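Everything below concerns the one structure shown next.
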Amino acid sequence: MDEIVRQAVARAIMTMRDNLGDRLTIDDLARAAMFSKFHFTRVFLRATGLSPGRFLSALRLAEAKRLLVTTGISVADISHQVGYNSVGTFSARFSGSVGFSPTGYRQLRGMSPRIAERTGQPESEVAVRGHVWRPPGGDTGPVFVGLFPAKIAEGTPARYAIVPGAGQYTLTDVPLGSWYVIAHAYGAIPQDDRGPRPLTGLAGPVTVHRGVAASLVDVRLRPRHGFDPPVLLALPDLRQAQVRRPVAV
DNA sequence: TCCCTTCTGTGGTATACAAT
DNA sequence: ATTGTATACCACAGAAGGGA
């Protein structure tokens, strides 16, 4: 990636983080990056995998998740703090991305006992399998591996699995379509007083056709960096040594 | 009282395509 | 490489209604 583009995108993301509660438009962000809004949208998409609007929305919802779990602020106030003027819109967007309503998420303290998978699709009998590689210079705890339509872990995964650590994963009966493989885990050993280091991995898209037995997709775990959109979907607590798979694959 | 869901009109955004 | 146009789509605000 071009260094100028990289800096522009980093600046835009910093602007988003610093102004979550304000009304930010593509024009504002493009101006800060000194690109036309058209060019800005394209380079941003290339760098992060998400359009600026979706990335900003993801940051807002991630901050809302944090506030719900760590504070007692009302849902209405949180909605306002993270930039929504309408609690209805906030609640709908939060539920759609996280998998639980704001109060439901707060009651669960941010840890999901279950994850819904996409239903109602014709059975493809296609498996997606592969290897989750350990991050460079470290091991990992339990790994969430899910199939999503976009480069962000939000909404309903087409299929998912939680494997005990780096190694093989298999997802069976994957619905027809094009899916990104997103992995999420924590480093096995806490790096500092902030706790275990979050790890991420992205591969694909893998296109599942009828009549193909299996697709092989490997995923490499690495430390999260600033260009990675947050994980919005509520997951089981991957920091625990034992994670039971809530739904059989 | 607080929150969630659902609905509708509106405006911004995403993106294919064209131009420079 | 960068900017602009056209247009379909989606996220938004705001309101109504209902549940706890």
Side-chain angles (χ1 to χ4, degrees), chain A residues 1-13 15-17 19-110 112-116 118-119 148-156 177-180 202 204-205 207 227-234:
Chain A
M1 197 193 315
D2 187 58
E3 183 58 22
I4 292 172
V5 167
R6 205 193 61 77
Q7 281 180 14
V9 171
R11 206 158 44 233
I13 292 175
T15 306
M16 289 180 186
R17 288 188 195 281
N19 301 278
L20 280 184
D22 302 333
R23 212 187 160 74
L24 275 180
T25 65
I26 302 284
D27 268 329
D28 298 332
L29 296 166
R31 248 195 304 278
M34 298 200 288
F35 286 117
S36 79
K37 61 177 173 181
F38 316 104
H39 189 50
F40 171 73
T41 299
R42 278 184 285 263
V43 298
F44 192 96
L45 186 65
R46 223 176 297 145
T48 67
L50 291 184
S51 61
R54 282 193 75 179
F55 198 98
L56 175 59
S57 175
L59 291 182
R60 285 176 165 163
L61 293 177
E63 174 65 2
K65 283 173 71 178
R66 190 186 71 78
L67 291 172
L68 282 165
V69 172
T70 60
T71 75
I73 304 172
S74 76
V75 170
D77 284 348
I78 289 177
S79 139
H80 200 255
Q81 270 193 39
V82 300
Y84 286 87
N85 290 312
S86 161
V87 190
T89 298
F90 168 70
S91 175
R93 293 279 296 115
F94 189 97
S95 303
S97 292
V98 177
F100 297 92
S101 68
T103 39
Y105 183 78
R106 172 172 269 164
Q107 281 161 6
L108 292 167
R109 295 163 195 253
S112 168
R114 59 173 171 80
I115 302 173
R118 192 166 295 228
T119 55
F148 295 88
K151 292 181 178 178
I152 177 170
E154 76 171 342
T156 310
S178 202
W179 310 107
Y180 289 95
L202 172 74
T207 303
F227 285 15
D228 295 323
V231 174
L232 293 183
L233 181 65

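To find a chain, count down the sequence lines: A is the first, B the second, and so on, and within it residues start at 1. All values below were derived from every heavy atom in this structure, side-chain atoms included, with hydrogens, water molecules and symmetry-related copies excluded. None of these values were measured; they are calculated from a predicted model.
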Near-ring test A:Phe94/A:Tyr105, centroid separation under 6.0 angstrom: yes

Name the nucleic acid region contacted by A:Ser95, choosing base, sugar-phosphate or nothing; use a 4.0 angstrom heavy-atom cut-off, strictly under. sugar-phosphate

Parallel, tilted or perpendicular: which one describes the rings of A:His39 and A:Phe35, with boundaries at 30° and 60°? perpendicular

Nearest-nucleotide wise, let me know which of A:Gly53 and A:Ser101 is further upstream toward the 5' end of DNA chain B. A:Ser101

Extract, from 5' to 3' on DNA chain B, the first and final nucleotides lying under 4.0 angstrom from some heavy atom of chain A. B:dC3 to B:dC17

Select base, sugar-phosphate, or nothing to describe what A:Thr89 touches, counting heavy atoms under 4.0 Å on all strands. base

Taking any heavy-atom pair under 4.0 Å as a contact, classify A:Thr103: base, sugar-phosphate, or nothing. sugar-phosphate

Could you check whether A:Glu63 pairs with A:Arg60 (Lys NZ or Arg NE/NH1/NH2 to Asp/Glu carboxylate O, under 4.0 Å)? no

Residues in salt bridge (Lys or Arg N to Asp or Glu O under 4.0 Å) with A:Arg54, at least two apart? A:Glu154

Identify whether any heavy atom of A:Arg54 sits under 4.0 Å from a base atom; if not, whether one sits that close to sugar-phosphate; answer base, sugar-phosphate or nothing. sugar-phosphate

Is A:Tyr84 close enough to C:dA13 that one of its side-chain N or O atoms is under 4.0 Å from OP1 or OP2 there? no

note: A:Phe94, atom CZ; C:dA11, atom P; distance rounded to Å ~ 16 Å

Determine: side-chain N/O of A:Arg93 to OP1/OP2 of C:dC12, distance under 4.0 Å, yes or no. yes

